[in-house]
Amino acid sequence: MHLLLLLALYFLPAIVAHARHSVSSTAITILNLLFGWTGIGWIVMLFWALLGRSWDSLCYRHPQAMVRSPARW
């Protein structure tokens with residue numbers, strides 16, 4: 001049980017990145033695996049996961065931007 005909790009805590013940046021649908025979730029997961037043990041790397045990955053752009057923000061279009069301009073004859 002404790003091991004599972006420690007693994008979840010270690011991979012918290014990757015979990016947050018995947019939950020937020022981050023654009024860089026794969027990179028965050030790989031770098032967290034490699035450098036998360038350093039402490040500083042873990043903090044950097046966590047900030048990157050929290051502040052990074054998500055796919056949802058890239059795919060959202062403002063309703064006014066979807067209005068087509070009238071065709072000119």
Side-chain angles (χ1 to χ4, degrees):
M1 181 68 174
H2 290 22
L3 180 63
L4 186 64
L5 182 64
L6 288 175
L7 279 174
L9 184 63
Y10 182 80
F11 286 107
L12 183 64
I15 293 168
V16 169
H18 285 286
R20 294 189 70 239
H21 304 286
S22 175
V23 175
S24 306
S25 62
T26 304
I28 291 170
T29 302
I30 291 170
L31 291 173
N32 185 32
L33 180 65
L34 296 175
F35 300 110
W37 62 272
T38 62
I40 294 173
W42 187 87
I43 292 170
V44 168
M45 295 306 123
L46 185 61
F47 277 118
W48 188 9
L50 289 172
L51 301 177
R53 296 186 70 181
S54 67
W55 283 109
D56 297 335
S57 68
L58 293 175
C59 295
Y60 176 75
R61 297 182 89 183
H62 195 275
Q64 290 178 349
M66 297 175 129
V67 176
R68 294 184 180 182
S69 59
R72 294 189 181 195
W73 299 95

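Note that the structure is predicted; figures quoted are calculated from it, not measured.
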Hey, does the side chain of T38 reach the backbone of G41 with a donor-acceptor pair shorter than 3.5 angstrom? yes

Reported NE2-to-CG distance for the pair H2 and L7, which is rounded to 0.5 angstrom: 13.5 Å

Which pair of heavy atoms, one from L33 and one from F11, lies closest together, and at what distance? CD1-CZ, 3.7 Å

Could I get the full list of side-chain contact (heavy atoms from CB on, under 4.5 Å) partners for L50, not counting sequence neighbours? V16, L46

T29 side chain vs S25 backbone, donor-acceptor pair below 3.5 Å: yes

When you group the ILVMFWY residues by side-chain heavy-atom contacts below 4.5 Å and let the links chain together, are L51 and I43 in the same group? yes

Please enumerate all residues that pass side-chain contact (heavy atoms from CB on, under 4.5 Å) together with Y10, with sequence neighbours excluded. W37

Any idea which heavy atoms bring N32 and P13 closest together, and the distance? ND2-CD, 3.9 Å

Neighbour count >12 (heavy atoms, 6.0 Å) for atom CD1, I40: no

Which pair of heavy atoms, one from S24 and one from W48, lies closest together, and at what distance? CB-CZ2, 3.5 Å

Same cluster or not: are M45 and F47 linked, directly or through other Ile, Leu, Val, Met, Phe, Trp or Tyr residues, by side-chain heavy atoms under 4.5 angstrom apart? no

I need the minimum non-hydrogen distance between I28 and A17, along with the two atoms involved. CD1-CB, 3.8 Å

Path from L34 to V44 over hydrophobic side-chain contacts below 4.5 Å: yes

